[in-house]
Novice: 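Just passing along the structure, written as structure tokens.
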Amino acid sequence: MTLRAAAALAVLLVLAAAGCERAGEGPRPAGEPGTVAVPAQGAGAPPNLLLVTVDTLRADHLGFAGYPRDTSPNLDRIAREGRWFRRAYSASATTGASHVSLFTSQAPPAHGVTANNQRIAPPDELPTLMTALAARGYATAAFVSSVVVGRKSGLQRHFAHFDDELTTKELNRKARYERPAGHTIDAVLRWLDAQPADRPFFLWIHLIDPHGPYAAPDDPDRYVGDAHASRLDVELPAGDSDWSENAIPRYQVLGDRRDASYYVARYDAEIRYADRELGRLLDELGRRGLYDRTLVAVTADHGETLAEPGHKRFFAHGATTYEEVVRVPLVVREPAGAERLAAVDVERPVSTLDVAPTLLALLGVTAPPTFRGRNLLVDALPDDAPMFSLGSYGTERLEKEVGTQFGVRRGPLRYLVNSKDGSEELYDHRDDPAETRNRIADDAHAAPVADLRSGVAALVGERSRIAAPAPLTAEQEAALRALGYVE
Ligand SMILES: [Zn+2]
């Protein structure tokens, strides 16, 4: 059996298992909280689901979040027509682990994917957002824009259609294939045109553009030198590795520019470019009569440290879990006529583990029992619910050489522990929203710190319920080394 055939068989088995489980459930009682009746085929197909993850998109650089640059007119439209969850936190600061958490509704220690230098797919037997929807008759399709979530990751086994035809290469890491949003959206539109009108679809689109290096294919200098350029204009040395501290990471270096505000402006232009392509997709959905019949959710896998004093790294993510890296945008717009989100308190904290159960509830689909997140329609979190976020971990190199962070935001406090030396940090957002003053030695915080410390330790120490990821093949290892993920 070829690998692909084996993978297809694995997916079929998952689907068959899911189908059997549901066949035994019988009809769901009317009025069950958090679900709606799915119209029978012929009485109007169930709504489609469009989930967009914009890689490395900070929550606070968007128009609807009050950012002064006009980075996001189309995301602003989705936020206006739907709801913006103001305090959404990603379970992981790194791409692979974060996406797997989004799809499985489990934290990295539970699903076992903790970094990018692994086979990053959720284990075949672990139910995902896509397998739950496939079991209900949805066509499932993914269009990704980076090799990190491409076919080598194994994520494709959870989708019926998986498009990772990467068309370009990163500026400074030539082995790292990617594609700009324009090419990805073109591929999506071609797929949509081939879909039967009466079958609902789940479409996951991953856009890579805001991920560094910041070189938007269109108008990359649109914000350079504008009135909002004064953020933190420091000069930084060029780093000698991709994990350099207090320097520009090697893969981020843009020519001979060393001024931080230039890089921030270029990052914002990437957002603007991705947003424009997202707007084109929304318009095309409208032209095809699909926009009103589609549940739309946009979020990110993590944010990015740009120029935050004291956070050690610049233009980086993965190893730190400060606010700017783990707070992500989350906007959800219901299909026309649906207003189930209207009553949800969007000021409450939300984890990306809550996204899949909530989207399933909005589609009237029962979440798999392995999902650990909440259905936000019925289960709002308390204001002080702990929002855990883990940096990339699981290898000696990440934990002891690079140094990663494990952290939690609870109420106004953020607690972090550094893997390298066990040092701790505590920030209080009531008077320090930029997380610049470490209060860990402050006696007044001793009691909450003890709680937060044991919560983080328990999460990181949780043994995965699944087998450890398969060791890399020589080919995979060579590919990852070329990408700078392993040395
Ligand atoms: Zn990412």
Side-chain angles (χ1 to χ4, degrees), residues 51-62 88-104 107-108 111 113-122 142-155 164 166 168 170-173 176-181 184 204-216 242-243 249 251-252 267 270-271 273-274 278 297-306 313-330 351-353 355 389-394 398 402 404-405 480 483-485:
L51 173 63
V52 180
T53 54
V54 185
D55 211 294
T56 321
L57 181 59
R58 276 171 74 129
D60 61 350
H61 276 234
L62 299 167
Y89 290 95
S90 176
S92 169
T94 197
T95 309
S98 180
H99 277 101
V100 175
S101 284
L102 185 69
F103 292 135
T104 61
H111 58 62
V113 177
T114 59
N116 288 338
N117 56 346
Q118 298 169 320
R119 185 200 71 168
I120 72 163
F143 293 80
V144 303
S145 305
S146 163
V147 68
V148 176
V149 284
R151 201 164 293 270
K152 276 188 167 37
S153 75
L155 275 170
D164 62 347
L166 306 177
T168 56
E170 252 192 42
L171 196 63
N172 298 328
R173 293 186 289 195
R176 189 156 170 161
Y177 285 84
E178 58 180 22
R179 67 175 155 187
T184 306
W204 168 44
I205 301 175
H206 165 263
L207 301 179
I208 192 67
D209 305 277
H211 191 290
Y214 312 135
D242 290 345
W243 294 105
Y251 80 97
Q252 290 278 25
Y267 171 78
E270 293 270 32
I271 299 176
Y273 167 71
L278 199 51
V298 183
T299 187
D301 53 349
H302 50 75
E304 181 95 313
T305 289
L306 292 171
R313 291 189 164 88
F314 291 81
F315 322 121
H317 60 266
T320 63
T321 56
Y322 296 110
E323 185 82 357
E324 70 275 5
V325 173
V326 298
R327 181 171 168 240
V328 290
L330 175 61
S351 162
T352 49
L353 303 190
V355 172
S389 302
L390 307 181
S392 189
Y393 76 105
L398 285 170
V402 171
T404 199
Q405 288 181 335
L480 290 168
L483 303 179
Y485 281 115

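Numbering of ligands and ligand atoms starts at 1, following listing order. As the structure is a prediction and not an experimental result, all values here were calculated from the model.
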Novice: Do any of the N/O/S atoms of Thr95, backbone or side chain, fall under 2.8 Å from the Zn ion (ligand 1)?
Specialist: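 Here the distance criterion (N, O or S atom, under 2.8 Å) is met by Thr95, so yes.
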Novice: If the Zn ion (ligand 1) is the vertex, what is the angle to OD2 of Asp301 and OD1 of Asp55, rounded to 10 degrees?
Specialist: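 Value, to the nearest 10 degrees: 100°.
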Novice: For Arg179, enumerate each residue passing the salt bridge (Lys or Arg N to Asp or Glu O under 4.0 Å) test, keeping only those at least two apart in sequence or located in another chain.
Specialist: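 Applying salt bridge (Lys or Arg N to Asp or Glu O under 4.0 Å) to Arg179 gives Asp163.
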Novice: Could you pull out the atom name of the N/O/S atom in His302 that is nearest the Zn ion (ligand 1)?
Specialist: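 For His302, the N/O/S atom sitting closest to the Zn ion (ligand 1) is NE2.
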Novice: For Ser153 and Gly150, indicate whether the former's side chain and the latter's backbone hold a donor-acceptor pair under 3.5 Å.
Specialist: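 Here the side-chain-to-backbone pair exists.
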Novice: Can you list everything that forms a side-chain hydrogen bond (donor to acceptor under 3.5 Å, both in side chains) with Asp209? Sequence neighbours excluded, please.
Specialist: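 Asp209 satisfies side-chain hydrogen bond (donor to acceptor under 3.5 Å, both in side chains) with no residue once adjacent residues are dropped.
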Novice: Are any of the side-chain heavy atoms of Thr404 and Thr94 separated by less than 4.5 Å?
Specialist: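 No, their side chains stay 4.5 Å or more apart.
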